[in-house]
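Starting from 1, each residue takes its place in the sequence as its number.
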Amino acid sequence: MGSAGEAGLDSTAVVRIYSDGACKGNPGPGGWGALLKWNDHERELYGGEANTTNNRMELLGVIHALEALSKPCRIEVYTDSQYVQKGISEWIIGWKRRGWKTADKKPVKNAELWRRLDELASTKGHRVTWHWVKGHAGHPENERADELANRGVTDPVGNA
């Protein structure tokens, strides 16, 4: 399977990213997974960490998927994590304005990952649209992303 950075992918391409995170205990061993689909191509990514949280894995699924893209394109991200979807499209505006503090003046959890995600989504020439999908509701691509995330729990080295 080719990578999303191949010559066949250009700025007019639409890449659909389906991402998920999993954690066995919170904190505990965790995994992230992402399914990238463009034209008639697919690429699966997964990995994990030995001691992590579910929210970190949710973020890393999207981050690794965006890092796999080498050319600017239109991207539709589908996640079952409202933490990711609302965080990147709503909450991050206030966090940045307040110097990476929450509304109650506490440091933003996972700030280094949020900064990384924000940079990938906003400075690489991509046009990203964020979508929330209900998890474990039979959405085929979301179910595949969930399987990849669970694979990352048992194989944290993954394939990213």
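Side-chain contact check for Leu45 versus Leu36: some heavy-atom pair is nearer than 4.5 Å. Contact of the Glu76 side chain with the Val14 side chain is registered, since non-hydrogen atoms from C-beta on lie closer than 4.5 Å. Counting only heavy atoms from C-beta outward, the side chains of Lys37 and Arg43 never approach each other to under 4.5 Å. Taking the side chain as every heavy atom from C-beta outward, Thr129 and His131 approach each other to under 4.5 Å. Using a 4.5 Å cut-off on side-chain heavy atoms (C-beta onward), Thr79 and Asp20 make no contact. Residues Thr52 and Cys23 are in side-chain contact: their nearest non-hydrogen atoms beyond the backbone lie under 4.5 Å apart. Taking 4.5 Å as the limit, every side-chain heavy atom of Pro29 sits out of range of all side-chain heavy atoms of Glu49. Under the 4.5 Å side-chain criterion, counting only non-hydrogen atoms from C-beta, Val15 is not in contact with Arg74.
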>> Under the criterion side-chain contact (heavy atoms from CB on, under 4.5 Å), I'd like the reasoning laid out for Arg144 against Glu44: C-alpha separation, chi angles, the key distance, then a yes or no.
In response: CA-CA 9 Å; Arg144 282 182 60 194; Glu44 295 180 340; 2.8 Å; yes
>> For a side-chain contact (heavy atoms from CB on, under 4.5 Å) check, start with the C-alpha distance between Ile17 and Tyr78, then their side-chain angles and the critical distance, and finish with the verdict.
In response: CA-CA 6 Å; Ile17 296 172; Tyr78 295 86; over 6 Å; no
Below 3.5 Å, can you tabulate the donor-acceptor pairs from side chains in residues 54-61 to any protein atom, sequence neighbours excluded?
residue, atom, partner, partner atom, Å
Arg56, NH1, Asn110, OD1, 3.3
Arg56, NH1, Glu112, OE2, 2.6
Arg56, NH2, Glu112, OE2, 3.4
Glu58, OE1, Gly21, N, 3.3

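Under the 4.0 Å criterion applied to side-chain N and carboxylate O atoms, Glu141 and Arg16 are not assigned as salt-bridge partners.
For Asn142 and Lys134, the side-chain atoms include no donor-acceptor pair closer than 3.5 Å.
Within the structure, ring-ring contact (aromatic ring centres under 6.0 Å, His included) contacts touching residues 85-106 (residues at least two apart or in different chains) are Trp95-Trp114.
The aromatic rings of Tyr18 and His139 sit tilted, their planes meeting at an angle between 30° and 60°.
With hydrogens and angles disregarded, no donor-acceptor distance shorter than 3.5 Å links the side chain of Arg115 to the backbone of Glu119.
Every residue meeting the side-chain hydrogen bond (donor to acceptor under 3.5 Å, both in side chains) condition with Asp118, not counting sequence neighbours, appears here in chain and number order: Lys96.
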